[in-house]
Amino acid sequence: MKNTTGSCVSFDFTGRFLPPVYIIVFIVGLVANGWGLKSLLHNWKKLKIINVFILNLGLADILYLLTLPFLMVYYFMGGKWIFGDAFCKVTRFCFYLNLYGSIGFLTCISVYRYLAVVHPVQVMGRLTLTRSVGISAMVWVLVSAQSLPDVFYTKTYGNSTEKCVDTTTNTYVESYLNYTLGRTLTGFCIPFLITLGCYGHVIVVLCRTNTTDMVLKQRCLKLLFILILLFSVCYIPYHVLKNLNLWSRILSKQKICHEWSNGVYIAHQISRGLVCLNSALNPLVYLHGNENFLASTRQLLQQAHQTFSRVFFSNSGSVPVAQTADEA
């Protein structure tokens, strides 16, 4: 540890790392979520309870993906925000709606799977489409109320609101750390424990029951793997490193600079890129949580394969015919 009056970290890494990540996530996420939502809406009359949560998960992703072009412009211009203070807050607010909305709806899917597999008789007739819509609306309200205080923190600074930060300025960093610790507990830790508990119990029940459908067992195992992947890659590193980086900023503000401060900052920026991947990885939940999406995807792949085969064989078949004509 050392005392210094200068900055502990180098901020150049963010501008080099995040824009390529945003481009990839925007393209992949928009295509995958667009296709998934199209499949759900196409089979609207057959909409099932779990698909309501999947639909809201996709809407949360689309909401965030539409803000990425503005962030790309921001970083491509060397970190100069030209869209105004209000839109900066809207952009950051959409990110948190997507983040905690995704976690919330993934938790709803986990609880639904748990009730349907472990307590099928007790919940028969109680898990209705109307109630799932009401639960989804409640998730949106809770996530919005949880993220709304973030809007009141200063997000821009510099000449003509040059910078648009995802947390807040150093003036309010102590208060912001307390706020984000509470949001981490309620918006991430508690849903994460609920999800683990639900799927842990589901896996135990499926393994003990010999009469369980193998297709259902494989689907639950795959969905559990996807959720572990999402939480391990996207959510856990982001929440840990974000709070650690805020603490490092508080120490730097007190003229206390640790040797690990720059490493924490870089790791936090990497975690920001990883947490964005949830919008591109969430469609995996479509694949294993929505039968209609899986069937339509297979149908699309089969049509593409048949089209490719017809084109390939027609072209290859025309070659010998042309050669015979020339030789004659």
Side-chain angles (χ1 to χ4, degrees), residues 9-39 54 56-103 105-106 147 150 155-156 158 161-167 226 229-239 241-242 245 262-287 293 297 300-301 304:
V9 300
S10 172
F11 300 101
D12 297 334
F13 177 79
T14 305
R16 297 194 304 268
F17 174 73
L18 287 181
V21 175
Y22 286 156
I23 293 173
I24 295 173
V25 170
F26 178 74
I27 296 174
V28 175
L30 206 59
V31 172
N33 283 283
W35 175 252
L37 292 176
K38 177 180 176 294
S39 175
I54 294 176
N56 282 275
L57 183 64
L59 292 175
D61 288 336
I62 294 293
L63 180 67
Y64 172 62
L65 289 170
L66 294 178
T67 67
L68 287 183
F70 301 98
L71 293 174
M72 295 177 203
V73 172
Y74 172 55
Y75 286 112
F76 282 135
M77 294 185 65
K80 183 177 181 181
W81 184 258
I82 61 174
F83 303 106
D85 177 71
F87 194 70
C88 171
K89 291 184 176 182
V90 168
T91 301
R92 301 306 184 182
F93 181 71
C94 288
F95 165 74
Y96 290 116
L97 276 184
N98 166 253
L99 174 60
Y100 294 108
S102 296
I103 294 174
F105 291 118
L106 288 172
S147 303
D150 191 85
K155 297 291 183 183
T156 55
T161 63
E162 182 175 308
K163 300 295 180 181
C164 175
V165 295
D166 62 312
T167 53
I226 293 169
L229 177 68
L230 281 169
F231 277 95
S232 300
V233 174
C234 300
Y235 302 138
I236 294 177
Y238 173 77
H239 285 91
L241 291 167
K242 177 183 178 181
N245 186 64
N262 190 61
V264 167
Y265 171 79
I266 293 176
H268 172 53
Q269 302 312 308
I270 294 175
S271 73
R272 287 180 62 194
L274 292 176
V275 79
C276 291
L277 291 177
N278 87 91
S279 296
L281 294 176
N282 280 341
L284 291 174
V285 180
Y286 290 111
L287 195 61
F293 179 70
T297 301
L300 179 66
L301 292 175

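Sequence positions, counted from 1, serve as the residue numbers for this chain. All values below were derived from every heavy atom in this structure, side-chain atoms included, with hydrogens, water molecules and symmetry-related copies excluded.
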Once you round to the nearest 0.5 Å, how far does OH of Y74 lie from CD of E162?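 Between Y74 OH and E162 CD, I get 8.0 Å after rounding to 0.5 Å.
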
Rounded at 0.5 Å granularity, tell me how far CG in L68 sits from CD1 in I24. 12.0 Å

In chain order, what residues pass the ring-ring contact (aromatic ring centres under 6.0 Å, His included) check against F17, with sequence neighbours excluded? F13

Which residue pairs pass the salt bridge (charged side-chain N to carboxylate O under 4.0 Å, His left out) test when at least one of the two sits in [range], sequence neighbours left out?
{"range": "residues 68-79", "answer": "none"}
{"range": "residues 269-283", "answer": "D166-R272"}
{"range": "residues 17-37", "answer": "none"}

Is N33 reaching over with its side chain to a backbone N or O of G29, donor-acceptor style, under 3.5 angstrom?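 Such a contact is found between N33 side chain and G29 backbone.
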
For T67, give me all partners under side-chain hydrogen bond (donor to acceptor under 3.5 Å, both in side chains), at least two apart in sequence or on another chain. none

Would a 4.5 Å heavy-atom cut-off, applied to side chains only, mark [X] and [Y] as touching?
{"X": "L30", "Y": "I62", "value": "yes"}
{"X": "L63", "Y": "N98", "value": "no"}
{"X": "I266", "Y": "N262", "value": "yes"}
{"X": "N282", "Y": "F105", "value": "no"}
{"X": "H239", "Y": "L99", "value": "yes"}

For the side chain to side chain donor-acceptor pair (under 3.5 Å) test, which of D150, D85, T91 pairs with K155? D150

Could you walk me through whether T14 and H268 satisfy the side chain to side chain contact (heavy atoms under 4.5 Å, CB included) test, starting with their C-alpha distance in whole Å, then the side-chain angles of each, then the deciding distance to 0.1 Å, before giving a yes or no? CA-CA 10 Å; T14 305; H268 172 53; over 6 Å; no

Closest approach of [X] and [Y], non-hydrogen atoms and distance?
{"X": "L66", "Y": "P69", "result": "O-CD, 3.5 Å"}
{"X": "N278", "Y": "S102", "result": "OD1-OG, 3.4 Å"}
{"X": "S271", "Y": "L241", "result": "CB-CD1, 3.8 Å"}
{"X": "L71", "Y": "W81", "result": "CD2-CZ3, 4.2 Å"}

Those residues that, when tested against C276, pass side chain to side chain contact (heavy atoms under 4.5 Å, CB included) (two or more places apart):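 Side chain to side chain contact (heavy atoms under 4.5 Å, CB included) list for C276, sorted by chain: Y22, V25, Y64.
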
Parallel, tilted or perpendicular, judged at 30° and 60°: which one describes the rings of F231 and Y235? perpendicular

